[in-house]
Structure formats: structure tokens, C-alpha cells
Visitor: 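Pasting in a structure now, in C-alpha cells, and then I'll have a few things to ask.
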Number of protein chains: 2
Amino acid sequence: MKKPSIKDVAKLAGVSTATVSNVFSGRKAVNDDLKDRVRGAAQQLGYQANRAASQLRSQRNQVVAVLVPNLTDTFFAKIISNLENMAFSHGYDVIVASSHDRLDVEESRINALLRWQPAGLIAIPCSGSIPKSIANLKDTTPVVMVDRVSVEDCLFDTVTIDNFKSGVDAGVFLSQQGHEKILIAASNLDHPPIKNRTQGCFETVEQLGGRCEVLALGSDLEEGANVLGSWLDNNEHPTAIFGLTNVTTLSVLTAMADRNIRVCDDISLVAHDDYAWMSARSTSLTVMQQPVDDIAKTAWNRLIARIESKEVNQEPQSSVLEAHLVKRKSVKKL
Amino acid sequence: MKKPSIKDVAKLAGVSTATVSNVFSGRKAVNDDLKDRVRGAAQQLGYQANRAASQLRSQRNQVVAVLVPNLTDTFFAKIISNLENMAFSHGYDVIVASSHDRLDVEESRINALLRWQPAGLIAIPCSGSIPKSIANLKDTTPVVMVDRVSVEDCLFDTVTIDNFKSGVDAGVFLSQQGHEKILIAASNLDHPPIKNRTQGCFETVEQLGGRCEVLALGSDLEEGANVLGSWLDNNEHPTAIFGLTNVTTLSVLTAMADRNIRVCDDISLVAHDDYAWMSARSTSLTVMQQPVDDIAKTAWNRLIARIESKEVNQEPQSSVLEAHLVKRKSVKKL
DNA sequence: TGCCATTAGTAAATCGTTTTACAGAACAAT
DNA sequence: ATTGTTCTGTAAAACGATTTACTAATGGCA
């Protein structure tokens with residue numbers, strides 16, 4: 001019942017194991033007839049090269065590790081899906097781990113990933129700071145940090161969007177539409193993107209003469225809805241809300257629905273990130289749309305460049321992309 | 001710059017490599033002071049066992065492979081997230097591949113997965129039939145097939161829900177609420193779950209005196225919205241729609257929004273599966289909720305049982321779970 | 001004391017590949 | 001005929017862990 005090894009194939013084809021290896025790796029030329037014989041034998045036995053063995057001997061590993069805070073958030077899922085695609089077409093496999101947004105889990109998941117000795121690592125950390133075990137990788141393994149990173153003090157290549165500008169754009173748009181009392185529904189201000197979006201929006205609105213309030217809703221939908229709900233019950237309503245993430249936007253919608261507050265008619269809404277469900281509504285949501293495919297693509301290209309050119313000691317490079325305002329129907333002109 | 005190996009640790013700690021191995025694997029007792037010395041040395045060098053080497057030698061592989069049709073569908077993402085969790089707590093790693101709902105990709109992704117010689121495979125195929133390379137695994141590697149499988153002719157353990165009953169329940173509920181003209185918005189009738197849901201609902205409604213129509217919208221949101229849209233433009237409207245998947249439901253909502261048709265007031269709606277956004281609306285959606293966590297848990301338990309008890313030749317076992325009706329506000333009582 | 005059982009360690013074999021170092025054959029150019 | 005070069009192929013070493021088989025030391029018990 002054991003799987004056939006390269007020796008079995010070699011024996012059946014009447015050649016040495018080196019030749020079999022050469023047939024499949026293509027690193028040395030092999031006569032066509034021999035090639036056929038080897039391929040035939042492999043086929044017949046159902047031979048598949050053992051990755052562990054080949055990785056061990058060759059010291060190269062066609063694997064990249066990917067760490068995300070959460071697999072069920074479509075934003076991260078899309079990034080992974082893109083990465084998986086590109087990796088596959090480059091002959092790499094991907095191993096994925098989720099930190100479930102917990103620092104302790106993060107640390108141990110990273111260690112598990114590293115035991116694979118991956119050729120590279122693409123990581124979206126759950127907090128703004130770089131986990132110890134990743135920092136240790138400096139000069140050893142190519143690393144690209146994505147999304148939840150502060151660009152300035154990062155030791156590695158980074159791919160982010162200009163979250164401050166994203167906040168500014170939303171603030172400008174809402175102000176232009178006449179909104180002067182705006183609530184920023186943030187998730188967690190410890191996350192650099194959230195902090196920056198908040199600052200961008202806040203400063204802009206205040207500068208343009210409006211007033212801005214910030215509320216941290218956390219990353220749990222229900223809880224966020226409750227927090228916002230009781231805030232709404234005890235405060236004068238804003239004319240517009242800026243929902244900084246998928247989940248906060250859902251919290252906002254939930255709290256509003258519970259109180260029969262209508263989107264647009266009663267309170268305008270701008271969401272961050274663009275999910276399918278945001279358009280599939282009678283009042284489709286105006287959003288700051290992140291270029292998620294580009295983010296993934298950029299991260300992959302950075303990583304592959306590091307891996308293949310061995311540009312290990314070169315300066316870290318930070319790529320900053322931009323979110324774009326997509327106007328739909330959730331913002332009322334006052 | 002090379003990573004330290006077990007030899008380096010052994011040398012630094014002044015012991016043999018066997019002892020180092022024993023310290024970390026715990027397979028043989030080691031004196032406490034030696035243990036400390038070894039651990040210290042490992043720490044100092046930043047030693048991490050090379051998985052490839054240990055897998056190769058020990059012939060066991062703490063890896064399970066997971067194949068899904070799509071990573072960005074939250075349903076599959078949740079399953080993966082659950083699996084990843086359980087795997088991790090059992091000391092396994094997970095490698096994930098997506099077939100992107102294409103048969104040719106599926107085949108090659110499976111082969112890539114299998115080169116890892118995983119301890120087991122959990123697969124959600126993209127069509128109802130079992131891919132060749134999975135069929136070959138019979139008697140070799142434990143396999144659990146999930147969701148898109150026809151239970152009868154499957155060679156492997158299966159975990160599914162009773163999709164026929166799911167359709168029946170939706171049909172009964174809608175009929176009870178007085179709906180007699182129902183449109184079933186299906187995605188792709190080749191998928192066994194979809195076929196079964198459709199049949200269950202169709203037969204029930206007809207039996208209870210209503211009329212049912214079936215429309216296949218495919219798995220692209222926009223396209224589905226167009227198909228449904230032109231159908232709505234050219235046919236007498238149903239009083240209720242049963243959306244069989246996440247995406248079809250989004251297509252339905254899009255087509256309705258485009259035409260200013262109100263959910264519930266104009267056309268009632270029952271969705272299949274339960275996503276966060278379905279509740280975060282003023283008219284929250286009534287749904288058939290799949291026990292997604294249970295599905296993942298059951299699949300994992302089956303797989304682990306096969307892996308650990310080596311019950312390779314035992315009869316395949318099929319676990320059938322149930323979806324539950326969650327009543328919310330999208331269905332009008334006529 | 002003598003004998004057996006248990007414990008704690010090591011040297012060396014091993015897993016399935018890839019790679020190195022070498023060799024014979026064929027052919028071209030001198 | 002000699003030399004060099006290119007092509008194909010092989011035997012054996014190597015990768016870094018685990019496991020086997022063996023030894024030495026310790027302790028318990030008659």
C-alpha cells in the first residue's frame with residue numbers, strides 16, 4: 001500500500017534515479033525515448049514526487065506562507081484568493097494561517113508557518129506592531145507586510161493604501177454634500193489603517209467647518225451594534241456616518257434598522273471597502289473602495305522579487321495604493 | 001546565514017542529535033538538566049525543526065489538505081476557518097487550495113495538494129462528481145467529501161446537509177404564509193445541493209396546491225441579476241422568491257432594487273445560508289440557515305478518526321445535518 | 001553480593017529526493 | 001590519430017530530521 005518512490009520508477013524504467021529526477025525537473029537533458037519510458041513507468045505506478053524529500057535535498061521550497069487576521073472577512077479572503085492564484089501560476093504552493101485577531105494565536109501560528117521554511121511570508125498582522133518571530137526573519141526570509149502596518153518604522157517591504165487620504169476623501173465628499181455633523185464608526189483605533197482613516201476624516205471635516213465624533217465599535221458585529229445603538233439613543237443624531245470597516249458598517253446598519261432609522265433619508269452613510277451586498281440594496285451604499293486585487297498583486301510581486309533576486313539586504317520598499325470613492329445612493333445632499 | 005540544524009543544537013548543548021530530537025518530540029525521557037541545556041541551546045540559536053526532514057524520516061505528516069471551490073464565499077471561508085482552528089489544536093497544519101469553480105483547475109490543484117502527502121484530505125468538489133485524482137486515493141489516504149456531493153455513490157465519507165428537506169421546509173413555510181406562486185432562484189442545477197433544494201421545494205409547493213418556477217442564474221452576481229431581471233420584466237411576478245445561495249440571493253436583491261420592487265411588501269424572499277448582511281437590513285431576510293460550524297466539525301472528526309485509527313478499509317460513512325428555518329422579516333403573510 | 005529491570009544516553013542507519021563527480025560515447029576539429 | 005567538446009547517463013553523497021539497536025549506569029530485590 002505504500003506510495004511508489006523514485007526508485008520504483010527507476011527500476012521499472014530500467015534507469016537510474018538521477019535520470020528520473022532529470023526527466024521531471026528538466027535540469028539536465030534526457031533522450032526522448034528514455035523520457036517516454038520514464039514517464040510511462042511513473043504513470044503506471046501513479047508516482048508523485050515526495051515534496052518533503054525534494055525540499056530537503058534541494059534546499060528550495062516552493063511555498064509561501066500567508067498570515068491573515070481572519071479568514072471569514074471577505075477582504076482578507078479576496079487577498080488570499082488572489083495570492084493563491086498567482087502563487088500557483090508561479091509554481092508555488094501557499095500555506096495559510098489565521099491569527100483569529102489574537103496576538104497569542106498569531107505568534108504560535110507564525111511559528112507553525114515558519115517550520116515549513118517557506119520561501120517567503122506575506123503577513124497581515126493583527127495589531128500595528130510587528131510580531132517578534134517575524135522581526136527575527138530579517139535577513140533570512142523575504143517578508144512582505146500588508147494592510148495593518150505603520151509604514152514608517154517597518155523593517156520589511158510593505159503594501160498598504162493611503163488610509164489618511166481615504167479619510168480625507170470621505171470627509172471632503174460628505175462636507176461637499178452639506179454634512180456638518182459626522183460620526184466616524186471605527187472598529188479599533190489601534191489598527192493603523194483605522195487610526196489613519198479616522199484622522200484623515202476628522203481633520204478634514206473640522207477644517208471645513210463641520211464637527212466630527214469618533215466611536216470605537218470593536219470588531220464584533222453585535223457588540224458594535226449595541227455600542228452604537230446606545231450612543232444613538234443618548235445623543236443628537238449625526239447627519240452622516242462613516243463606517244470604517246465591513247463589520248462596523250454592518251453594526252451601523254443593524255443599529256439603524258433596529259431603530260427604524262432610514263439610510264440616506266435619515267442618516268447618510270459612507271462605508272469603507274466594497275462588498276457585493278453593499279450594492280444589492282434599494283439604497284446602495286456609497287463607499288471608499290479599496291483596490292484589493294492590486295494590493296494582492298503588489299504584495300506578490302514584491303515577495304517574488306525578493307525571493308528570486310535574493311535582494312535580501314536591499315532597503316525595504318513601501319508601496320502605497322489608493323482607495324477610490326464610489327458614489328451610490330446612501331448619501332443625501334443637504 | 002543558514003538556519004541552524006539539529007546538529008548545531010546538539011553540538012552546542014554537548015549531546016547527540018538523538019537527544020535533541022527526544023527533547024522536542026518527547027518520545028523518550030530525557031533528564032531535566034539536559035533538557036534545559038538543549039532547550040537553551042535551541043533558543044540561543046533560534047532553532048526550528050525542519051519539517052521536510054522530520055516528515056521524510058518519520059513518514060508521518062501532520063498536514064491535512066483542504067480543497068474548496070472558492071475562498072471568497074463566506075460559506076467556504078467559514079468552513080476553512082473552523083478546520084484551521086481544529087487542525088491547529090490537534091497539532092496539524094492545513095494547506096488550502098481553491099478550484100475557482102473550474103474542473104481543470106480543480107484537478108491540478110488536487111495534484112499539488114497531494115504532493116504534500118497529506119495525512120488526509122477534506123474536499124468540496126466544484127461539481128457533483130468525484131475528481132479522478134481523489135478517487136485514486138481510495139485505500140491510500142483518508143478523504144472526507146463535503147457539501148457538493150451526491151451521498152449515494154460516494155466512495156468516501158461525506159458530510160452534507162439534507163438539502164431536499166431544506167427545500168421542503170422553505171416550501172412548506174411559504175405555502176403556509178399563503179404564497180402560491182413561487183420562483184426558485186437557483187444557481188447551477190448540476191450541483192447536487194442545488195438540485196435537491198430545488199426538488200424539495202418544487203415538489204412540496206406543487207403538492208400543497210401552489211405553482212413553482214425554477215430559474216438558473218449561474219454563479220455570477222451581475223449575470224444572475226440580468227437573467228432574473230429580464231425574466232421579471234417578461235413574466236407575471238411571483239409572490240415569493242426562494243434564493244438558493246448567497247450569490248443568487250444577491251442577484252435577486254439587485255434585480256429587485258433596480259426595479260424598485262420592495263422585499264416583503266412586493267415580493268417575499270427566503271434565502272439559503274445565513275450571512276451577516278442578511279440581518280443588517282430594515283427588512284432582515286428569512287433564511288434557511290446551514291449549521292456551518294457543525295459541518296466543519298463533523299468533517300474534521302470524521303477525518304481525524306480515519307487518520308488516527310487507520311480505519312482505512314471501513315465502510316464510508318455519510319453524515320447528514322440539517323438546515324433550520326430562521327424567520328425574520330422578508331416574508332409577507334398573504 | 002548477584003541478577004534483572006529500568007532509565008538515559010549514543011552511533012549509525014534511514015527516509016526519498018537532488019546533486020555532484022565522474023565516465024563512456026559520439027562527433028568535430030585539428 | 002589525437003584532442004577536445006558535447007551529450008547522456010550512473011553511482012554515491014548529501015540534505016536534516018527520526019528511529020533502531022546497543023551500551024552504560026542506576027536501582028531494587030532476593
Side-chain angles (χ1 to χ4, degrees), chain A residues 1-39 41-42 45-63 91 93 112 114-119 140, chain B residues 1-39 41-42 45-63 91 93 112 114-119 140:
Chain A
M1 276 308 98
K2 256 194 51 185
K3 296 220 168 159
S5 80
I6 199 171
K7 281 188 190 167
D8 302 318
V9 178
K11 199 181 298 174
L12 182 59
V15 297
S16 75
T17 62
T19 301
V20 178
S21 175
N22 286 330
V23 168
F24 288 113
S25 71
R27 302 182 83 79
K28 259 183 102 176
V30 176
N31 251 350
D32 284 345
D33 49 337
L34 260 199
K35 241 187 234 171
D36 289 346
R37 251 182 30 224
V38 169
R39 290 236 172 78
L45 296 174
Y47 169 73
Q48 302 231 96
N50 181 326
R51 269 198 97 108
S54 69
Q55 177 190 149
L56 174 59
R57 175 59 237 235
S58 69
Q59 301 291 56
R60 357 185 187 77
N61 194 358
Q62 299 280 82
V63 178
D93 271 339
L114 294 182
R115 268 191 279 279
W116 290 100
Q117 330 251 136
T140 301
Chain B
M1 274 309 98
K2 255 195 51 184
K3 295 220 168 161
S5 80
I6 198 170
K7 281 187 190 166
D8 302 318
V9 178
K11 199 181 298 173
L12 183 59
V15 297
S16 72
T17 64
T19 301
V20 178
S21 175
N22 287 330
V23 168
F24 289 113
S25 71
R27 303 182 84 81
K28 258 183 105 176
V30 176
N31 251 353
D32 284 345
D33 49 337
L34 259 200
K35 240 188 236 171
D36 288 347
R37 243 169 53 213
V38 170
R39 291 236 172 78
L45 297 174
Y47 168 72
Q48 300 233 96
N50 181 326
R51 272 197 96 112
S54 68
Q55 177 191 146
L56 174 59
R57 175 60 237 239
S58 70
Q59 301 290 54
R60 5 190 177 71
N61 193 358
Q62 299 280 83
V63 178
D93 272 339
L114 293 182
R115 267 190 277 279
W116 290 96
Q117 330 253 135
T140 300

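Per chain, numbering begins at 1; letters A, B, ... match sequence-line order.
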Visitor: Does B:Asn31 place a side-chain N or O at less than 4.0 Å from the phosphate oxygens OP1/OP2 of C:dG9?
Guide: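 It does, given that an N or O in the side chain of B:Asn31 lies less than 4.0 Å from OP1 or OP2 of C:dG9.
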
Visitor: Give the nucleotide from the list D:dT19, D:dA17, C:dT18 with an atom nearest to the side chain of B:Asn22.
Guide: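 Looking only at heavy atoms from C-beta outward on B:Asn22, the closest nucleotide is D:dT19.
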
Visitor: Hey, what do you get for OG (A:Ser16) to CG (A:Asn22), rounding to the nearest 0.5 Å?
Guide: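 A:Ser16 atom OG to A:Asn22 atom CG measures 7.5 Å (nearest 0.5 Å).
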
Visitor: On the side chain of A:Lys7, is there an atom forming a donor-acceptor pair with the base of C:dG16 - under 3.5 Å, no angle test?
Guide: no

Visitor: Do the side-chain N or O atoms of A:Ser16 get closer than 4.0 angstrom to the phosphate oxygens (OP1, OP2) of D:dT10?
Guide: yes

Visitor: Could you tell me whether the phosphate oxygens of D:dG16, OP1 or OP2, come under 4.0 Å of any side-chain nitrogen or oxygen in A:Gln59?
Guide: yes

Visitor: Just to be sure I understand the rule, does B:Tyr47 reach a base, reach only the sugar-phosphate, or reach nothing, if contact means heavy atoms closer than 4.0 Å?
Guide: sugar-phosphate

Visitor: Respond yes when some side-chain nitrogen or oxygen of B:Gln55 is under 4.0 Å from OP1 or OP2 of D:dG16, and no when none is.
Guide: no

Visitor: Quick one: is B:Ser58 getting a side-chain N or O under 4.0 Å of the D:dT18 phosphate, OP1 or OP2?
Guide: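 So the side-chain polar atoms of B:Ser58 never come under 4.0 Å of the phosphate oxygens OP1 or OP2 of D:dT18.
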
Visitor: Can you tell me the distance, in whole Å, between the CZ atom of B:Arg115 and the C1' atom of C:dT17?
Guide: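 Taking atom C1' of C:dT17 as the reference, CZ of B:Arg115 is at 14 Å.
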
Visitor: How long is the line joining CG of A:Asn50 and C1' of D:dC15, in whole Å?
Guide: 13 Å

Visitor: Figure out the CG/C1' separation between A:Asp32 and D:dT8, and round it to whole Å.
Guide: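 Atom-to-atom, A:Asp32 to D:dT8, this comes out as 12 Å.
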
Visitor: Report yes if some heavy atom in the side chain of A:Val38 is under 4.5 Å from a heavy atom in the side chain of A:Val30; otherwise report no.
Guide: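 Side chain of A:Val38 against side chain of A:Val30, heavy atoms only: no contact under 4.5 Å found.
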
Visitor: OP1 or OP2 of C:dT10 less than 4.0 angstrom from a side-chain nitrogen or oxygen of B:Thr19, does that happen here?
Guide: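 Looking at the OP1 and OP2 atoms of C:dT10, one of them is under 4.0 Å from a side-chain N or O of B:Thr19.
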
Visitor: Are OP1 or OP2 of D:dT18 and a side-chain N or O of B:Ser21 less than 4.0 angstrom apart?
Guide: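 Looking at the OP1 and OP2 atoms of D:dT18, one of them is under 4.0 Å from a side-chain N or O of B:Ser21.
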
Visitor: Should the pair A:Tyr47 and A:Phe24 be assigned to parallel (<30°), tilted (30 to 60°) or perpendicular (>60°) ring geometry?
Guide: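 Answer is tilted, since the angle falls between 30° and 60°.
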
Visitor: Atom CG of A:Asp8 and atom P of C:dG16: how far apart are they, to the nearest Å?
Guide: 9 Å

Visitor: Would you indicate which nucleotide in C:dT14, D:dC15, C:dA11 comes nearest to any side-chain atom of B:Ala18?
Guide: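 Nearest to the side-chain atoms of B:Ala18, counting from C-beta on, is C:dA11.
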
Visitor: Rounded to whole angstroms, how far apart are NZ on B:Lys11 and P on C:dT10?
Guide: 15 Å

Visitor: B:Lys28 NZ to D:dT19 P: how many Å, rounded?
Guide: 12 Å

Visitor: Looking at B:Arg27, I'd like to know whether one of its side-chain N or O atoms comes within less than 4.0 Å of OP1 or OP2 on D:dT18.
Guide: no

Visitor: Check the distance between C:dT17's P and A:Gln48's CD and give it to me in whole angstrom.
Guide: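 To the nearest whole Å, that distance equals 11 Å.
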
Visitor: Which sits closer to the 5' end of DNA chain C, B:Ala29 or B:Gln117, going by the nucleotide each is nearest to?
Guide: B:Ala29

Visitor: Are A:Lys11 and A:Lys7 close enough that some pair of their side-chain heavy atoms sits under 4.5 Å apart?
Guide: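 The answer is no; the side chains never approach within 4.5 Å.
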
Visitor: From the set C:dG16, D:dG16, C:dT10, return the single nucleotide nearest to any side-chain atom of B:Arg57.
Guide: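 Of the candidates, D:dG16 comes closest.
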
Visitor: Any Lys/Arg nitrogen of A:Asp93 or A:Arg51 sitting under 4.0 Å from an Asp/Glu carboxylate oxygen of the other?
Guide: yes

Visitor: Of all heavy-atom pairs between B:Ser21 and B:Ile6, which one has the smallest distance, and what is that distance?
Guide: N-CD1, 3.9 Å

Visitor: Name the residue closer to the 5' end of DNA chain D, choosing between A:Leu34 and A:Thr17 according to the nucleotide with the nearest heavy atom.
Guide: A:Leu34

Visitor: Starting at CZ of A:Arg60 and ending at C1' of C:dT18, how long is that distance when rounded to a whole Å?
Guide: 8 Å

